[in-house]
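Below is one structure, written out as structure tokens, with a few remarks after it.
Chain A is the first sequence line, chain B the second, and so forth, proteins listed ahead of strands; every chain is numbered from 1.
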Amino acid sequence: MPELPEVETVVRGLRQRITGRTITGVEVYWERAIATPCPSEFAAQLVGQRIRSVDRRGKFVVMGLEGADLLVHLRMTGQLLVVPASQAHALRHVRVALALGDLLLIFNDARKFGRMALVPDARQWLAALGPEPLDPDFTAAALAARLQRRRLPIKSLLLDQRFLAGVGNIYADEVLHAACIAPTRPASSLSAAEAEALHAALQSELQRAIANRGTTLSDYRDAEGHSGAHQHTLRVYGREGEPCPRCGGAIARMRLGGRSSYHCPRCQR
DNA sequence: AACCTCACCTGCGGGC
DNA sequence: TGCCCGCAGGTGAGGT
């Protein structure tokens, strides 16, 4: 579910609500939600720690504690919700709850794919991730150089978190549409101008989605439990058979790398 | 390296 | 109403 814009929206909400708070209790209701260490260690090590920072790296939420980092990956249906302690009973899929004084930070996750990890240093844990698409150091020239070395379909490459961190199935389709590039094109076949267009589309599409507080198709909610609004402005994702907003051609759906893929065969080349 | 399928899970909507 | 099927924003493992 959540891709870069959704995780960024969650992180901004968390940062405002829980930075500086101390973890006063931990309840693990679904043990496999804790990737590392074992659930009892996880709880024991967290209690008493202060949350110093909340950041995003790719699709990971990274909470900086005093001697460790708490990582969360929401996968398909995970949510990180800040609720008053009295209100948690209304949630149906609570896997982990962190008490923060009179607030609860709830890890809610219907499909149980999401994971939390308590690690000594998040940087090591995340070292294999590719560059951040919104980082100023991520330039069009750098992208073009790395595209040249790969023959994978460009969409599959955009979904590879080691190549680029944070893009998922929705935004890969939207970005390629914005850049007028067919998802099946081998990455190395992109011209310099196309690489430039792809770079620009990554910036603008991801920024627009963040401004709209993310895409809610079903499960995504921000830290306050609010839906995003970007689903109303998607141009191709989920729109099979509808007219392309740019050229009027019919949006097509295909399978690519095992995922549903939407594009306009008329104006994406 | 590239490509495939399966596994991990639950819930929802469509067709009958 | 109920059952079965296919589908879902992600990723990692294992095979060819």
Letter per nucleotide, 5' to 3', of nucleotides 2-9 of chain B [B base touched, S only sugar-phosphate touched, - untouched; heavy atoms, 4.0 Å]: SS----BB
Cation-pi check, R146(A) onto F163(A) ring (under 6.0 Å, within 45° of axis): yes
Is any side-chain heavy atom of [Y] closer than 4.5 Å to one of [X]?
X: L126(A); Y: V62(A); value: yes
X: L98(A); Y: F107(A); value: no
X: T216(A); Y: R221(A); value: yes

Would you say [X] reaches [N]'s phosphate, i.e. side-chain N/O to OP1/OP2 under 4.0 Å?
X: Q161(A); N: dT11(C); answer: yes
X: S260(A); N: dC7(C); answer: no
X: R92(A); N: dG11(B); answer: yes

Sugar-phosphate only, base, or nothing, as touched by Y237(A) at under 4.0 Å among non-hydrogen atoms: sugar-phosphate
R95(A) side chain to A33(A) backbone, donor-acceptor under 3.5 Å: no
Any donor-acceptor N/O pair, E27(A) side chain to V96(A) backbone, under 3.5 Å: no
H73(A), nearest nucleotide to its side chain (from dC7(C), dG10(C), dG11(B)): dG10(C)
T19(A) side, atom OG1; L14(A) side, atom CG - distance, nearest 0.5 Å: 8.0 Å
Side-chain H-bond candidate by donor/acceptor type, Y237(A) with S260(A), under 3.5 Å: no
Spacing between Y262(A) atom OH and dC7(C) atom C1', to the nearest angstrom: 9 Å
Base-paired stems in DNA chain B, each at least three Watson-Crick or G-U pairs under 3.5 Å: B:2-8 with C:10-16, B:10-16 with C:2-8
